[in-house]
Protein chains: 2
Amino acid sequence: MRSCSVAESARDFFWAVYETGLLNRLSAHVSREWGRLSGRLKITIRDVARAAGVSVTSVSRHLNGQINLPEPTASRIRQAAERLGYRPNAIARRLSSGKSETLGLIIAYPLFAEIASASEAEAARHGYNLLMFNSRNLVEKEVSFLSRIEDRQVDGILLLTNHHDDGRLLRRINETGNVVLLDEDVPGAKAPRLFADNVHGGLLATRHLIARGHTRIAAIGGPRGLLSTTERLDGFTQALGEVGLRADPALLRFCEYEEAPASIAFLDLLEQNEPPTAIFTFGDMLATGAMRAARQAGIRIPDDISLVSFDDIHNADLLAPALTTVRQSAAEFGTRGINMLLDFIAGRKSETVIERVGVELVIRSSVASPHGRPSGRSIAHTGAGSPDGLPVSAREEEQES
Amino acid sequence: MRSCSVAESARDFFWAVYETGLLNRLSAHVSREWGRLSGRLKITIRDVARAAGVSVTSVSRHLNGQINLPEPTASRIRQAAERLGYRPNAIARRLSSGKSETLGLIIAYPLFAEIASASEAEAARHGYNLLMFNSRNLVEKEVSFLSRIEDRQVDGILLLTNHHDDGRLLRRINETGNVVLLDEDVPGAKAPRLFADNVHGGLLATRHLIARGHTRIAAIGGPRGLLSTTERLDGFTQALGEVGLRADPALLRFCEYEEAPASIAFLDLLEQNEPPTAIFTFGDMLATGAMRAARQAGIRIPDDISLVSFDDIHNADLLAPALTTVRQSAAEFGTRGINMLLDFIAGRKSETVIERVGVELVIRSSVASPHGRPSGRSIAHTGAGSPDGLPVSAREEEQES
DNA sequence: CTGAAAGCGCTTACAG
DNA sequence: CTGAAAGCGCTTACAG
């Protein structure tokens, strides 16, 4: 037995008073005070049942809306719960029901925080909590977080990883189940996936560069072998192929999706014998890395070199120069991801589905013609009309004057 | 009784096999397979106790490190747990111990996501989870989130609100306890607080403007009455007073910490008969709002009007122009906030402490002299030498060339 | 040192 | 319709 004799006698006293019926005659205000006092005693479902003169079973079922009680009983329960200030204990409910009503989100970088906010909002809409895990892109962390599914801390997890899997992740995912993959793949995993339309994005970005007159185009991708890298590179190569160009291996760089290595890659690219006139970075983190390097080295964008990117991070339109980039909505990843996860958990979604979030080119000011002339609207992307008939979706924002 | 007869018989079968001792002779690999299989049966502490030939009490205590068992017993337990793939059920543990090992964070805007990441990381360092709540700055949401403390879903909450309290928040906080206030105050609340050094920040920003030769200086603050607004305004007024200037009420604007109203306030300010030559925005959101408005209206910063802000958001250095702003570290808010909360919960921190996160001026390119000349380093902030002897901490970053 | 047993506060088959 | 009671999987006084 617990050592809660003080609380116990307080509780007894409370009930002694309560059962005199005196309380019922007190004003609402005083009753509420009582409720608050008793709140300290942790009002449980038993207390409510006692006050309403019914069984805990009835209280539980009524409060969970699993039953339609005759009005007098129902309102007695409701009033008792209200008067006592009853709040069901979520932990106890979880233990007995086996459900946590909580979802988890594993994000690789703090920068994906925008996805976190959107996920939280959507989870809340469905009555779920959102537990956040920051894996810093470390397998050990990811694996350990995933096991929260097993101890029922969370009902399912949205996994956003950013590295190649050595098999550990795959195994863990298939053991725990109830995960949805976001943004990057873990090949073989039994999990629904939500990816960006990477190939199309690569296509749009590269066609835009070509339309502006570039032919010597470099690319800075994420880690080799990652889905995002592979697919965006596909789009890149494909767009080049459309006009009879080929990707020059000397102009291809791959690195983590981080600023520092992108800075290095950028500078390295410009030191080539025949430097590129434009670069396609596969992520805005890569682009800002390049921009910082450019600023320090006195290289002007787009005058000296054009830059097109992928993501459309917050404030990308206010950067110097305003960044031309392929937009993928972080919020959409969060919102749709949560829904896919909920559907998957409920058995409404198969473990083989792959969905895509759409992308669009947002044209701003980081791309000029190879001759250093700022790009005019005259050379607009009608020139990028796609030979294969694919529509070129592009949005133009206000350009810097 | 639950309807788990299949699981039950599977479990019985498992134990029947187990007790033949056959399992012990199987290879580690096969054992692990068994563990995984049995994982489906939910290995509990009882199973471990049974396998190790001890009581659940011993297993619990040993696994929780509350006791030093003689080595043979200890290792039998450890091995059994390992072999069976035992994972303690966090929910059950919470119900019996009354602790959730989870902290909550209520954030007013998705943009505070940087704080969320830092909080998560620090909570994890202490073995805690982080449940994220997105209040969208709504009292109802905040109040409802706070009650998670009462149902023991979380042990404590970091509260970041951004509006004036009508009393509801105060009442709730004092009822639930275990909250730490971040960034903004809820007057009267019994909670430790972590605020930015707002007065000093306002001082630094304004002195910088004055040192560059500005005398007609406007301010766009957050909502009136909010701690951040009041204190930054204090610093503003104080700095003006240092050189015998006074804040012109016609040049003061207050609005939500959002972009849209800041755009309006900015334009409005410039339509004055005697427009200001410089503006101090009390948050970078306000600054970017002003920058967007400026861009659309063809107003150049800093040539037409100078801008100094507060926050130092991500990529502020890459904006056009690079934003001169008072830095407060979002990460520090998260990290220190979590530690304060943990200390408060443990009774190691009083409900009356107010701590401050330091600020520093980061000088970039959004401030010029009132004549439209870009600010040269020659007019550096030595000119802002403070009459009252306060040091002017300022950091200069690379300026745009 | 060790363990049987009560208890945490719910949910939910099962039996009136 | 209604309720007594078992059970979720732990922790922890209490008694050997």
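A, B, ... follow the sequence lines: proteins, then strands. Residue 1 opens every chain. What you see below is based on every heavy atom in this structure, not just the backbone, and it leaves out hydrogens, waters and symmetry mates.
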>> I need the CD1-C1' distance between Ile45(A) and dG3(D), as an integer number of Å.
In response: 13 Å
>> Less than 4.0 angstrom between a side-chain N/O of Ser55(B) and OP1 or OP2 of dG3(C), yes or no?
In response: yes
>> Let me check I have this right: for DNA chain C, each base becomes ., (, ), [, ] or |, based on Watson-Crick or G-U pairs with both distances under 3.5 Å. What is the full string?
In response: |||.||||||||.|||
> Which of these nucleotides, dT2(D), dC10(D), dT12(D), is closest to any side-chain atom of Arg61(B)?
Replying inline: dT12(D)
>> With heavy-atom distances below 4.5 Å as the criterion, would you say the side chains of Phe145(B) and Leu131(B) are in contact?
In response: no
> Among the nucleotides dT12(C), dT2(D), dC10(D), which one has an atom lying closest to any side-chain atom of Gln66(A)?
Replying inline: dT12(C)
>> Minimum heavy-atom separation for Leu95(B) and Leu95(A), please, with both atom names.
In response: CD2-CD2, 3.4 Å
>> Could you report the tightest heavy-atom contact between Gly177(A) and Ile149(A), atom names first, then the distance?
In response: O-CD1, 3.3 Å
>> Quick check: closest heavy atoms across Phe344(A) and Lys349(A), and the distance to 0.1 Å?
In response: CD1-O, 3.1 Å
> Where each residue is assigned the nucleotide of DNA chain D containing its nearest heavy atom, which of Arg93(B) and Asn68(A) is assigned the position nearer the 5′ end?
Replying inline: Asn68(A)
> Counting side-chain heavy atoms from C-beta on, which of dT11(C), dA13(D), dC10(D) comes nearest to Thr57(B)?
Replying inline: dA13(D)
> Rounded to whole angstrom units, what separation is found between the CD atom of Gln153(B) and the C1' atom of dC10(C)?
Replying inline: 14 Å
>> Which heavy atom of Ser119(B) sits nearest to which heavy atom of Ile338(B), and what is that distance?
In response: O-CG1, 3.6 Å
>> For dG9(D), does the base pair up with any side-chain atom of Arg94(B) as donor and acceptor (N or O, under 3.5 Å, distance only)?
In response: no
>> Nearest whole Å is fine: how far is dT11(D) C1' from Ile67(B) CD1?
In response: 13 Å
>> If I compare all heavy atoms of Ala51(B) with all of Leu84(B), which pair ends up nearest, and what's the gap?
In response: CB-CD1, 3.9 Å
> Does Asn89(B) place a side-chain N or O at less than 4.0 Å from the phosphate oxygens OP1/OP2 of dC8(D)?
Replying inline: no
> If you check every side-chain atom of Ala92(A), which of dG9(C), dG3(D), dT12(D) has the closest atom?
Replying inline: dG9(C)
> Within this structure, what is the CG-to-C1' distance between Leu63(B) and dG9(D), rounded to whole angstrom?
Replying inline: 14 Å
> Which residues within residues 69-79 of chain B lie with some heavy atom under 4.0 Å of an atom in DNA chain D?
Replying inline: none
> Mind checking the C1' distance from dG16(D) to dT12(D)? Whole angstroms is fine.
Replying inline: 16 Å
>> Does this structure show an ion pair linking Arg172(B) with Glu142(B), if we count only N-O contacts that are shorter than 4.0 Å?
In response: no
>> Measuring only between side-chain heavy atoms, which start at C-beta, is Val353(A) closer than 4.5 Å to Met340(A)?
In response: yes
>> Does dG7(C) have OP1 or OP2 under 4.0 Å away from a side-chain N or O of Ser96(B)?
In response: no
> What's the CG-P distance between Leu95(A) and dT11(D), to the nearest Å?
Replying inline: 12 Å
> Do Gln153(A) and Arg94(A) get their side chains close enough for a donor-acceptor pair, meaning under 3.5 Å?
Replying inline: no
>> I'd like to know if Glu71(A) pairs up with Arg78(A) as an ion pair, taking the criterion as any Lys NZ or Arg NE/NH1/NH2 lying under 4.0 Å from an Asp or Glu carboxylate oxygen.
In response: yes
> Base, sugar-phosphate alone, or nothing: which one does Ser60(A) contact when heavy atoms must sit under 4.0 Å apart?
Replying inline: base
